Amino acid sequence: MNDETQLPLADDWSLPERLDPAARLAAEALIVDVDGFEGPLDLLLTLSRTQKVDLRRISVLQLAEQYLLFVNKAAKLRIELAADYLVMAAWLAFLKSRLLLPPEPGEAGPSAEELAAHLAFQLERLQAMREAAARLMARDQKGRDFFVRGQPETVSLQRKTRWEANLLDLMRAYARIRTRDEFRPFVMDREHVFTMEQALDRMRGLIGYAGDWADLSGFMPEGWDATPMARRSVTAAHFAAVLEMAKRGQLTLRQGETFAPIQIRRREPE
Amino acid sequence: MSREPEEQSLFEAPPMGEQERMVEAMLFASTEPMTVAELAKRMPHGCDPAEALAYLRKRYEGRGVHLTRVGDAWAFRTAGDLGHLMVREQVESRKLSRAAIETLAIIAYHQPTTRAEIEEIRGVAVSRGTIDQLMEMEWIRFGRRRMTPGRPVTFVVTEGFLDHFGLESARDLPGLKELRSTGLLENRPMPGQDLPRDDDEDEAQSGQSELFED
Amino acid sequence: MSREPEEQSLFEAPPMGEQERMVEAMLFASTEPMTVAELAKRMPHGCDPAEALAYLRKRYEGRGVHLTRVGDAWAFRTAGDLGHLMVREQVESRKLSRAAIETLAIIAYHQPTTRAEIEEIRGVAVSRGTIDQLMEMEWIRFGRRRMTPGRPVTFVVTEGFLDHFGLESARDLPGLKELRSTGLLENRPMPGQDLPRDDDEDEAQSGQSELFED
């Protein structure tokens with residue numbers, strides 16, 4: 001087999017076509033069941049098997065090539081890969097270039113070898129956990145291989161009620177109450193919370209004064225920037241209120257550029 | 001296993017000791033007494049469950065459990081003289097009421113908490129019966145009194161509660177955000193409601209961190 | 001047997017043979033594992049169920065029914081090699097997804113572990129419902145929170161898990177020692193990533209090594 005042969009290395013990761021045919025075929029075969037993979041790490045682990053070596057001696061460089069080839073093929077076949085596959089591709093491309101180039105003097109951060117070793121560790125650990133899971137499930141299991149007493153005996157009876165509730169019930173109950181809270185009016189009792197209704201009321205009274213373009217911030221109530229919480233709440237409420245009023249045709253608003261002050265003007269009835 | 005188990009079993013049954021083990025395991029696990037015929041049906045061909053039963057019966061003589069005959073079937077039964085150990089409350093399981101579980105949840109998450117606080121969070125009055133029930137079950141108990149006007153009593157959860165719910169401490173209970181992110185809760189987006197969630201979280205957190213102070 | 005068993009029990013615990021019978025009867029009658037404390041509670045004053053258990057365990061060695069240890073508790077279970085005879089008693093177990101099985105294994109081998117760690121090891125998000133399912137089966141529960149920023153909840157396996165897989169303790173997980181010695185249970189951060197993981201590390205380590213210290 002030619003698994004151990006040194007691979008020619010392409011500089012452009014989008015064209016690693018010079019991989020040996022076996023690896024290329026493997027990558028192509030995998031594309032068919034991309035949905036069957038549980039993320040990039042799972043795929044990398046599968047790819048690593050084509051190297052037929054101990055995971056500790058795996059060539060991360062070769063693995064990166066295989067992975068990038070896979071992503072490349074998928075792109076050509078117009079297969080939508082989830083974002084995490086692309087993130088991994090970008091990272092592997094980076095790792096590959098670092099592995100190929102001599103380190104720049106004075107370069108900070110971990111070396112390419114350290115990063116590669118970590119990836120190998122992750123793969124080995126995932127593999128180990130899979131094997132552990134398989135060994136666990138292969139054990140004798142209760143109700144399948146060994147059994148409990150079929151006729152438990154309770155001779156004398158003393159009646160007692162046991163109230164049942166499990167942890168999930170408890171947590172769900174709590175979540176139910178807390179989620180309900182989010183609807184309850186008393187949430188509004190919080191300090192510094194300014195509602196859109198309040199802002200609308202204010203703006204309705206004030207809009208008469210905005211015959212010409214004026215900054216929205218000029219319409220805020222006194223003390224509105226006293227605390228960050230109040231500032232956020234008041235700003236959001238007034239912004240929502242003017243949007244609402246614009247929708248109703250009561251005013252027009254404009255903004256010069258992103259983050260520029262928002263200006264409003266009363267809209268004359270036609 | 002032998003090369004031809006099918007054929008071989010026609011000639012040779014497992015040794016009696018092995019047959020005894022088989023009968024022992026089957027009678028132990030069976031939900032009902034079993035007849036010799038029923039035992040034989042499950043055992044390899046050529047076995048003699050009647051003989052195995054005789055040996056087994058002898059083996060359990062004088063033990064805490066006896067092999068007893070029930071009609072024409074066999075079953076293990078606790079020795080008659082040890083019946084007093086089996087006095088076990090017959091437990092009738094009933095689901096805790098919604099009011100009780102909610103009250104319990106609030107106490108667990110906000111402890112030490114007062115009755116007024118529970119009522120504020122639930123939005124309804126807490127009936128005496130609910131608190132009494134939780135007290136009787138020994139899932140909650142009185143905590144220290146609040147140093148606020150009226151010095152109200154507070155409630156906290158007990159060791160028994162932690163035990164029952166498999167928790168090492170009440171602060172190991174996941175907060176709302178964690179519940180959502182672990183998928184332990186349906187993640188229902190609240191229509192038109194994107195403000196107070198974070199504050200809620202903060203509150204739950206601060207409630208929990210109180211636990212660390214003492 | 002002594003001449004005056006009634007009177008004697010007021011002063012002295014019953015002889016060990018008798019204690020063994022009692023433990024045998026109680027465990028035989030119960031489907032759930034019982035702890036030494038639970039056994040002691042039902043036995044006459046001065047009894048030593050732990051010693052009785054040791055004798056009893058020996059007595060059942062090689063039989064069709066075994067006395068097995070489950071964490072701090074004990075139970076009779078049929079011998080694993082006789083499972084084929086109990087086809088009728090087999091319960092259709094809920095099929096676990098591959099993700100659920102892996103998540104369970106990671107929790108068992110890395111406990112106490114956080115959701116973030118499970119995700120790092122598997123390389124994918126823990127899907128909704130997985131933790132939920134394992135909790136509902138009562139195979140995992142919450143452990144102590146990590147004392148790291150965010151104080152994440154942790155997961156550990158339960159006695160129910162040990163019972164189901166016939167494990168005496170989490171230390172007896174298959175291959176645990178090898179995994180430890182090869183460093184595969186370590187929580188190594190990505191090089192150069194200065195996660196505030198140090199405490200994490202220590203705790204995870206101590207969690208694991210605790211298992212070995214006693």
Side-chain angles (χ1 to χ4, degrees), chain B residues 17-32 34 38-39 41-44 52 56 59-60 62-66 76-88 165-169 171-175 177-187 205 208-209 212, chain C residues 17-30 39 42-44 56 59-60 62-66 76-79 81-90 112 115 125-133 135 138 140-145 147 150-156 158-160:
Chain B
E18 200 51 29
Q19 295 188 33
E20 213 190 302
R21 287 183 77 227
M22 292 177 174
V23 171
E24 186 179 32
M26 283 188 285
L27 291 182
F28 175 85
S30 171
T31 52
E32 270 153 53
M34 290 177 78
E38 283 168 338
L39 290 166
K41 219 172 358 179
R42 294 213 224 159
M43 292 167 78
L56 202 60
R59 186 183 288 275
Y60 277 92
R63 307 289 323 140
V65 172
H66 294 161
F76 280 117
R77 291 280 185 257
T78 310
D81 65 316
L82 297 177
H84 62 281
L85 295 172
M86 287 332 113
V87 180
R88 230 195 148 168
F165 290 95
L167 292 164
E168 285 173 39
S169 84
R171 60 195 131 133
D172 296 331
L173 280 168
K177 206 186 275 172
E178 286 167 315
L179 285 174
R180 284 200 184 91
S181 62
T182 31
L184 284 167
L185 296 181
E186 298 270 304
N187 198 358
Q205 288 295 59
Q208 296 247 337
S209 58
F212 285 92
Chain C
E18 200 50 27
Q19 295 188 32
E20 209 190 304
R21 288 184 73 229
M22 292 177 174
V23 171
E24 185 180 32
M26 285 186 284
L27 290 181
F28 231 85
S30 166
L39 291 168
R42 295 213 223 156
M43 292 166 79
L56 202 59
R59 185 182 292 276
Y60 278 89
R63 311 280 326 135
V65 172
H66 293 162
F76 277 116
R77 299 286 182 246
T78 63
D81 64 317
L82 299 175
H84 60 283
L85 297 171
M86 256 72 70
V87 201
R88 232 178 38 171
E89 276 76 32
Q90 274 175 9
R115 178 159 161 264
V126 172
S127 75
R128 202 155 279 284
T130 302
I131 297 276
D132 204 325
Q133 187 186 14
M135 285 260 205
E138 298 189 347
I140 63 168
R141 63 175 178 85
F142 293 115
R144 247 172 283 169
R145 279 176 189 272
M147 290 303 136
R151 308 205 348 269
V153 295
T154 66
F155 300 100
V156 296
T158 62
E159 290 216 334

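Because the structure is a prediction, the values reported are computed rather than measured. Each chain gets a letter, A, B and so on, in the order its sequence line appears, and its residues count up from 1.
- Contacts of B:F76 with chain C are made by side-chain atoms alone, with heavy-atom separations under 4.5 Å and no backbone atom involved.
- The side-chain heavy atoms of B:R21 and C:L85, taken from C-beta on, include no pair separated by under 4.5 Å.
- Within the 3.5 Å criterion, the main-chain N or O of B:L173 finds a donor-acceptor partner in the side chain of C:R145.
- Residue with the most contacts toward chain C among B:T31, B:D81, B:L167, B:V23: B:D81 (heavy-atom pairs, distance under 4.5 Å).
- A pairwise comparison of heavy atoms in B:G64 and C:A25 identifies O-CB, 3.5 Å as the closest pair.
- Other residues, nucleotides and ligands contribute only 12 or fewer heavy atoms inside 6.0 Å of the CD atom of C:E138.
- Between chain C and the options B:M22, B:E24, B:M43, the largest number of non-hydrogen pairs under 4.5 Å is found for B:E24.
- At a 4.5 Å heavy-atom cutoff, the contact between C:L56 and chain B is made by side-chain atoms alone.
- B:T78 OG1 to C:L27 CG: the interatomic distance, rounded to the nearest 0.5 Å, is 11.0 Å.
- Most heavy-atom pairs under 4.5 Å with chain B, from the set C:A125, C:A79, C:G143: that is C:G143.
- Of the atoms belonging to C:L82, it is side-chain heavy atoms, and not backbone ones, that fall under 4.5 Å from chain B.
- Legend: residues meeting salt bridge (Lys or Arg N to Asp or Glu O under 4.0 Å) with B:E168, ordered by chain and number and at least two apart, are C:R141, C:R144.
- With sequence neighbours left out, the side-chain hydrogen bond (donor to acceptor under 3.5 Å, both in side chains) criterion links C:E20 to B:R63, C:R59.
- Taking the six-membered ring for Trp and thresholds of 30 and 60 degrees, C:Y60 and B:Y60 have ring planes inclined between 30 and 60 degrees apart.
- Taking each heavy atom of C:V153 and B:D172 in turn, the nearest pair found is CG1-O, 3.6 Å.
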